[in-house]
Every structure is written in structure tokens, then in C-alpha cells.
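Below you'll find the structure, written out as C-alpha cells, and then a few comments.
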Amino acid sequence: TTRAGYKQQIEFHIVKELGNIPLKDLKVNDVQAWVNDLSNQQGLSAQTVKNIFLNLQSALKVAKKQKMICENPCDDVILPSIKQYQAKVYDIQEIQKMLEISKGTDMYLILVIEVYLGVRKGEIAALKWSDIDLENGVVHIKRSRVTVNGDVIEKAPKSDAGIRDIWLGDEALKIFIDEHNKYLAKTKKAGFKATDYVIHTKNGEAYAPDSISQKWERFRDSNNLPKIRFHDLRHTCATMMIAAGVDPKTVQTRLGHSDVQITLNTYSHCLPSMNKAAGNTMDMLFK
């Protein structure tokens, strides 16, 4: 997926827009004007501009090393500043409302998995009933469905840490057992394909990961729920765990992060209730 993304960036933004300039004639001003155009005229985000720029910078670094150019014209280019995305999360009341509304719909299990397990949408799309140990209450995350050049493929999670086991509590386990029984009943109906996918279409086929996001947006808007991305439900899960006192290392393991700093820096949003609890804790100084 990374390679496919780089190839698209090179073809559509580097070769197409700078490819007519001979390498020896490419100057800092050319690259700076190109970066400005990506940001201002084409309206790409600062992070996307940086990602495209790094492909060019890396290529020209090799050109310099091979004595094809004397200086790398990317070295003094100023990039647009990147604003850290601040995810929005639901509080416990909003989560409960969301789950209550979704009961009896095909969104219920999707939302239970997302807010309870905090998995990525590609991991939800690839999850099979054979990955869930209903006897011991463990979900094994082994693979992810991703879109590459318009085709959906299955691959290992994005890092070794992504292959993980997530333990279920008693209440969540009851939900999974009930949903599994419903799935087994479906497999006996004509026209239903027993693909073993936990989240599936009406005929049993797996979802493309983007289809899950689109289903969420339709469900969210039709029920007047606060506007957050589907991925923000993963943020919500992490925030709820931290607010409940789960240690960051355990949160990291359940989310499948390779580094605990990713967990701490990206997902530990400070809910008002957490902020208030911190104030109550500090009150002990004055007792």
C-alpha cells in the first residue's frame, strides 16, 4: 500500500509537474514554486504535500550521491506548517446512545467491535469468526483488508505489533456469542455465502474498508449523532480505556501500536471527566 501510494504521487505530482525540467536545470525556486502550488492552488493538506515532497527529496539525494547534481534543490525549500489533527471523541453517554440506536441494525456489531476493541477499519473488514475464540473470550487480529490501486486485498496488519490478541470481558463475550449464533442461522439460508467474515454484506461477502466508513457516515447523520470520523471511534476506545485507568502499555497492545509513545501522543485525549478527576486527585495536597 505504501509503494502504491508513492507510485501515484510520483506519477501525478512529480513526473507530471516537474518531469519536463532537465535534472541539471532544476533549482530551489522551481521546487519551492511547485510546493506552493500543491498547497495553495491544488489545495492539498500540509501532510500530503510533505509526503509528496519527501519522495522527490529522496530521489534527488540519490542523484547527488551519484554525482548527477552538485546540490539537492530540495534542501532549502520551505514546507507548509502541519497542524496536528485533534480527533473528536464520544463520551460514555454518547457511546451508550449510539449503541442503543444501532441495536437491531447491521451497524450494531460494527460499532461494538470498534468502540470495544479499537481496531482499524481494515482489521474489522478482515475479521473472521475463526479468529474469535468464543470459549476463552479472545479476539485474534491477524490480517487487514486494504485497497490498492482500486483492488481490495488482504494482508498482514501494518506492523508486527498489529498481530495481537484482544481479550473480551464477560458482557462483550455474550454479545459475540449471540452474534455468532445469528451468523450460523444465516448460513442455512439460500443465497447466503458462508465466507466466515464477522462483518459482511447481506449475501455474506466481505466489506471493502471504505464501505464501512461510508456506512458509519450514513448511520451517524441519519440519527443526528455528533459528527466524528469512523476512525475517531478508535480514538474513543483508547480514550475510554485511559479514562478507566488502563495502563498505557496495555492500551498500546490492544490497539496494535508499535510504540507506546504513539498511544500516548495520539490517543490519550483529555476528556473533561479526566481533567476533573486530575483536579480531585491534586486536592489531596491541601488535606
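Any value given below was found using the heavy atoms of this structure, including those in side chains, with hydrogens, waters and symmetry copies removed.
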Heavy-atom count around [X] [atom1] within 6.0 Å, excluding the residue itself: above 12?
X: Asp170; atom1: CG; answer: no
X: Lys155; atom1: NZ; answer: yes
X: Glu71; atom1: CD; answer: no
X: Tyr6; atom1: OH; answer: no
X: Asn20; atom1: CG; answer: yes
X: Asp76; atom1: CG; answer: no
X: Lys215; atom1: NZ; answer: yes

Legend entry - Test log, rule side chain to side chain contact (heavy atoms under 4.5 Å, CB included), inputs Asn136 and Asp133: CA-CA 6 Å; Asn136 296 301; Asp133 182 347; 2.7 Å; yes
Is any NZ, NE, NH1 or NH2 atom of the basic residue among [X] and [Y] found under 4.0 Å from an Asp or Glu carboxylate oxygen of the other?
X: Lys128; Y: Asp131; answer: no
X: Lys174; Y: Glu171; answer: yes
X: Asp106; Y: Lys202; answer: no
X: Lys193; Y: Glu205; answer: yes
X: Lys182; Y: Glu179; answer: yes
X: Glu154; Y: Lys142; answer: no

For residues [X] and [Y], report the shortest heavy-atom separation together with the two atoms involved.
X: Cys74; Y: Leu60; value: SG-CD1, 3.8 Å
X: Glu94; Y: Val89; value: OE1-O, 4.1 Å
X: Gly137; Y: Leu173; value: CA-CD1, 3.9 Å
X: Asp30; Y: Leu18; value: O-CD2, 4.4 Å
X: Gly256; Y: Ser159; value: O-OG, 3.8 Å
X: Asn72; Y: Lys61; value: ND2-N, 3.4 Å

How about [X] and [Y]: does a side-chain donor come under 3.5 Å of a side-chain acceptor?
X: His235; Y: Lys88; value: no
X: Gln32; Y: Asn36; value: yes
X: Asn181; Y: Asp178; value: no
X: Gln252; Y: Lys249; value: yes
X: Lys121; Y: Ser213; value: yes
X: Ser102; Y: Thr105; value: no

[X] side chain vs [Y] backbone, donor-acceptor pair below 3.5 Å:
X: Arg220; Y: Leu225; answer: no
X: Thr195; Y: Gly204; answer: yes
X: His13; Y: Ile10; answer: no
X: Arg164; Y: Arg254; answer: yes
X: His200; Y: Val198; answer: yes
X: Tyr90; Y: Met98; answer: no
X: Ser58; Y: Asn55; answer: no
X: Arg143; Y: Leu127; answer: no
X: Ser45; Y: Thr48; answer: yes

Inset, instruction - Apply side chain to side chain contact (heavy atoms under 4.5 Å, CB included) to Ile82 and Lys50, showing your working. - result: CA-CA 9 Å; Ile82 298 175; Lys50 181 181 178 181; 3.6 Å; yes
What I'd like to find out is whether the side chain of [X] reaches to under 4.5 Å of the side chain of [Y], using heavy atoms alone.
X: Met240; Y: Val115; answer: no
X: Asp75; Y: Gln57; answer: yes
X: Glu17; Y: Gln42; answer: yes
X: Lys227; Y: Asp221; answer: yes

Legend entry - Arg120 charged N/C atom sitting above Phe230 aromatic ring, 6.0 Å / 45°: no
Spacing of [X] atom [atom1] and [Y] atom [atom2] [to the nearest 0.5 Å]:
X: Trp216; Y: Ile110; atom1: CH2; atom2: CD1; answer: 10.5 Å
X: Ile228; Y: Thr236; atom1: CD1; atom2: OG1; answer: 4.5 Å
X: Leu99; Y: Met107; atom1: CG; atom2: CE; answer: 10.0 Å
X: Ile78; Y: Ser81; atom1: CD1; atom2: OG; answer: 11.5 Å
X: Thr1; Y: Ile153; atom1: OG1; atom2: CD1; answer: 7.5 Å
X: Lys97; Y: Glu100; atom1: NZ; atom2: CD; answer: 11.5 Å

Inset, instruction - Output, in order, the C-alpha distance, side-chain angles, deciding distance and verdict of side chain to side chain contact (heavy atoms under 4.5 Å, CB included) for Gln9 and Ile14. - result: CA-CA 7 Å; Gln9 290 172 357; Ile14 297 177; 5.7 Å; no
Legend entry - Derivation and outcome, side chain to side chain contact (heavy atoms under 4.5 Å, CB included), residues Leu168 and Tyr116: CA-CA 9 Å; Leu168 301 171; Tyr116 190 88; 3.7 Å; yes
Please tell me whether [X] and [Y] are part of a single hydrophobic cluster in this structure, the criterion being side-chain heavy atoms less than 4.5 Å apart.
X: Leu255; Y: Val146; answer: no
X: Val15; Y: Phe53; answer: yes
X: Ile21; Y: Leu38; answer: yes
X: Phe12; Y: Trp34; answer: no
X: Val31; Y: Leu54; answer: yes

Inset, instruction - Just jot down the side chain to side chain contact (heavy atoms under 4.5 Å, CB included) partners of Val246, sequence neighbours excluded, or say none. - result: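 Counting only residues at least two positions away or on another chain, Val246 forms a side chain to side chain contact (heavy atoms under 4.5 Å, CB included) with Met241, Thr250, Val251.
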Inset, instruction - Hey, can you tell me if Trp129 and Tyr183 have their rings parallel, tilted or perpendicular (30° and 60° cut-offs)? - result: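 It falls in the tilted class, 30° to 60°.
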